[in-house]
Amino acid sequence: MPRMVILDGNSLANRAFYALPPLTTADGRPTNVLHGFLTMLFRLEQEQHPDYWVVAFDKTKATVRIEQYAGYKAQRKETPEGLRPQFDYLKEILTEMDVPMLELAGYEADDLIAAITKQAEAQGMEIQIYTGDKDALQLISPRTNIFLTKKGISEVERYDETTLWERYQLRPHQIIDLKGLMGDTSDNIPGVPGIGEKTALKLLWEFETVEGVLANADKVSGKKVQGNLKEYADQAILSKTLATMLTEVPLAFSSEDFVYRRSQAAKVLPVLEKYDLRNVTRLWHERHKDDEGPLSESQEESLENWPERTLTEEGWLAQIEEWQSKNISLTLACRYEGTGLQGGRWLEWGVAAQGETFTLTREAASEKVCEAWLKLMGSDQVTKILADSKTVALLLTNEGLSLKGLTLDLSLASYLIKSSRPKFAPLDLVKEYVPNQAAFVNVGEEAAALAQVAPKFEEEIQSLGLAHLLHEIEEPLCMVLAQVEHHGIAVDSEQLTVFGEGISLTLRQLEQDIYALAEETFNINSPKQLGAILFEKLGLPTAKKTKTGYSTDAETLEELRLAHPVVEKILDYRQLNKLMSTYVNGLLAQAKNGKIHTTFQQTVTTTGRLSSTEPNLQNIPIRLEQGRLLRKVFHPTEPGWVLLSADYSQIELRILAHYSQDPLLCESFALGQDVHTRTAAEVFGISLDEVTPNMRRSAKAVNFGLVYGLTEFGLSRDLGIPRKESKFYIEQYFKRYSGVKRYLEDVVTQAKKDGQVRTLLNRLRRIPELLHANRVQRQFGERIAMNTPVQGTAADIMKLAMLKVAEGLKPFRATMLLQVHDELLLQVAPEDLESVAHMLKEKMETAYPLSVPMTVECKVGPNWYDMQPFHTN
DNA sequence: TGCATCACG
DNA sequence: ACGTACGTGATGCAA
């Protein structure tokens, strides 16, 4: 049964106005009604799933009832100052939400509601009416329920015939009789003097209607009541008439006018922002969280059942031949054992093509078929759609083959559409469009499902302008990454073990020293126990706290270094313990055959960077000497070869210069100056040669902060200076670099408008935090808006460079080993070093030319520690 | 499993 | 009066 929800706009707005505290926008416009009304609206939308809905409003004060009774509503107070404008705001918002509204000059919302109800009933709908006005109870029927606001507004109480009877022992049609007798001061319906709710109910239980009561006035107990009934009989009848909701209104409408439509973020969010309705925005997101992204327009999609074809050996060979000769597009799913990386083996392929599915099982297939199939996988001519093609490529690499002809990787597509989505497995991808999809029983079914959602992903990619990024960058890159992962990097396990033994020794000594100084043994690795020792037993001053107790991080301990000798030991212990557990033991556990194979995650970060896992080779120590030594164990696989690294110099600041076109920043890079020194000179108003190392340090911190969304707090903490001083630096900076200031302001403004930001290569990040109700979250959103285009563009450029470098490496004896965000690590045969270094620098610097030059610095060495600058000719 | 901590860019 | 730099992953503890 279709469901129609009708809301009494005026009644609910009034309720909200008096029930809620006087909320306003930043510039003082009242908004409490908006909060109350919309909160309720979202809740009923979520709970009731209306098929039709409409909000009815009163229009003008000249209602038809004035003709009937001049006193009607005469005593109703003027609409209060704070409420009146909110009707306009509310209507504006409802318009943007595509919520139908109805009003008619001379009529009240009540009457419209009655009229709509009558019509909807005739059409066999179920009707729900939301109002604060008990008059509406008269409309109750088997098809119509009333939801009366309880205290507040978002709480409602449902009335049907049964509940009405339980509460008042009245039938719905008697509501008007009740009003006729007791009146209604708010509507100025007079009723009969001396008769309140109690008396009226008693009378109606006995005599049913006003007319019944009047006819039997003599039998009524109580002289005063009897007298008043006789004296005010006409007034009682009139009151009943006034309380009767009109069902005849001179307005033609059809239920199709009230069809429920899901609201659209692009229209709704700006208007909610306009009225500072952050809580409401949060609720909206909550309400619509399931239908963001590509889902919204295809909720009702379901999958077709593609028939499964079973083939004989001859059948397979013929089929493969046909796919090959006709260049049929295949959608593939794969089951495998082990990991893609470390000798994993494919077990089954699910193939979807032209409305049919096929399953190729390793066990069952003949060698001939497997051979033909794998040849097909390596054919550029047969195009393929896959989820997680990097793993598939690795599985094929394990068999000495390569994957060719990839035209769409659904995992990468999904990541570009919404980088914050946590999962990109086939089932999750299909669920984007077919929410109820259960787990796949077999690969054929999975392939068919992927084949059917693939066009929707491609469409979404096209419409978001992400096609180039996907097809020309991410997809080709994943093949490069597969090669890099498969190759791995050589580590000297013995050397690593020796390194670890040295650390162990020191660690054991530190442990003993700490126990001695603390005068007891405890688990130093437990922040809880450590906190107890330091701050309770030893009584050191507590500075910071965490959610769970005392803070004992390095920054806190650094402050306490002089307070007690144990602190320094603990700092040393922490540092070495980290090296031992994460790096020595962690890497040893990963080393196989003298090599380590990391996995580059291509669909994890929100900015477009790669990440590295199992192990993470993007965070090998370098800043502190003790840890840096660990890099000695990374060396080339081939004897005599060398490691060659190339890193972008100041890539993020250069991108900031490009975006902002700030003259000073651009000039600094154009002249090849040391950008931190130049910044110091500008901020302190001195010449370049007057800049002291300390000034440069401060300027460097400012430059770093800029990219993150500079805050006084962050800068003061980073530099260990008072807030006042960091504030001064920032002010000075923005005075000199006003172009940077303007850019950062603009990017935030634009992000608030769009709800998203983009990188130079069009990578997209949505920033829902900008609309968060919480101010801290919102400011976080602003910093994201400032940071993501910069960090993301750097990631884009690096990815582009990797593609060009990988191509450029082909003629040489050299391989790519690692990417560490702004650095590439290669190994090269010595005879090719000069050429490769030259090519590497060239490709990286020109990967995506900006309005300021890019510079790349190369280093060479026998291991990752002993790297010396290398200058190409 | 969530938190605290710390390694990197 | 708040709580704050951006992006990651691994480890160990304590529930």
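Proteins get letters first, then strands, A, B, ... in listed order; numbering begins at 1 in each.
Here A:Val604 lies in heavy-atom contact (under 4.0 Å) with sugar-phosphate atoms only. Residue-level contact check: A:Thr711 touches the bases, meaning some heavy atom is under 4.0 Å from a base atom. Within 4.0 Å (heavy atoms only), A:Glu614 reaches sugar-phosphate atoms of the nucleic acid but no base atom. Among the protein residues, A:Asn523 comes within range of the sugar-phosphate backbone only, with heavy atoms under 4.0 Å from sugar or phosphate atoms but none that close to a base. Heavy atoms of A:Arg723 sit under 4.0 angstrom from at least one base atom. Residue contacts shown for A:Thr788 are absent, as no nucleic acid heavy atom lies under 4.0 Å away.
Partners of A:Glu520 by salt bridge (Lys or Arg N to Asp or Glu O under 4.0 Å), not counting sequence neighbours, listed by chain and number: A:Lys537. Judged as a side chain to side chain donor-acceptor pair (under 3.5 Å), and not counting sequence neighbours, A:Asp647 has no contacts. With sequence neighbours left out, the side chain to side chain donor-acceptor pair (under 3.5 Å) criterion links A:Thr793 to A:Tyr659. Not counting sequence neighbours, A:Asp662 has no partner by the side chain to side chain donor-acceptor pair (under 3.5 Å) test. For the salt bridge (Lys or Arg N to Asp or Glu O under 4.0 Å) test, no residue two or more places apart in sequence or in another chain qualifies with A:Arg765. Taking the side chain to side chain donor-acceptor pair (under 3.5 Å) definition, one finds that A:Ser411 meets it with nothing, sequence neighbours left out.
If you look at A:Phe684 and A:Phe728, their ring centroids are not closer than 6.0 Å.
Counted by atom type alone, A:Asp492 and A:His635 present zero donor-acceptor pairs between their side chains at under 3.5 Å. For the residue pair A:Asn523/A:Ser526, the side-chain donor-acceptor check at 3.5 Å is not satisfied. A donor-acceptor pair shorter than 3.5 Å cannot be found between the side chains of A:Asp746 and A:Thr749. If you check the side chains of A:Arg654 and A:Thr855, you find a donor sitting under 3.5 Å from an acceptor. A donor atom on one side chain and an acceptor atom on the other are found under 3.5 Å apart for A:Asp754 and A:Gln750. Between the side chains of A:Asn694 and A:Arg697, at least one donor N or O sits under 3.5 Å from an acceptor N or O. In summary, the side chains of A:Gln673 and A:Ser668 do present a donor paired with an acceptor at a separation below 3.5 Å, with no hydrogens or angles considered.
Taking every heavy atom of residues 697-707 of chain A and every atom of DNA chain B, no pair lies under 4.0 Å. Shown for residues 730-747 of chain A: no residue has heavy atoms falling under 4.0 angstrom of DNA chain C.
Aromatic ring orientation, A:Tyr733 versus A:Tyr737: parallel (interplanar angle below 30°, classes split at 30° and 60°).
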- In dot-bracket notation, what is the pairing pattern of DNA chain C, taking Watson-Crick (N1-N3 plus N6-O4 or O6-N4) and G-U wobble (N1-O2 and O6-N3) contacts under 3.5 Å, with [ ] crossing and | for other strands? .....|||||||||.

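The separation of C:dA1 from B:dC6, taken at their P atoms, amounts to 32 Å, rounded to a whole angstrom. Nucleotides C:dG3 and B:dA4 have their P atoms positioned 15 Å apart, rounded to a whole Å. Rounded to whole Å, the separation between the P atoms of B:dC3 and C:dT4 comes to 14 Å.
Taking a heavy-atom distance under 4.0 Å as the criterion, the stretch of DNA chain C touched by chain A extends 5' to 3' from C:dC2 to C:dA15.
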- Using a cut-off of 4.0 Å between protein heavy atoms and nucleotide atoms, how would you tag nucleotides 3-9 of chain B 5' to 3' with B, S and -? SSSBBBB

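Among residues at least two apart or in separate chains, ring-ring contact (aromatic ring centres under 6.0 Å, His included) pairs with a member in residues 532-570 of chain A are A:Phe535-A:Tyr550.
Nearer the 5' end of DNA chain C, as judged by each residue's closest nucleotide, is the contact made by A:Val776, out of A:Phe780 and A:Val776.
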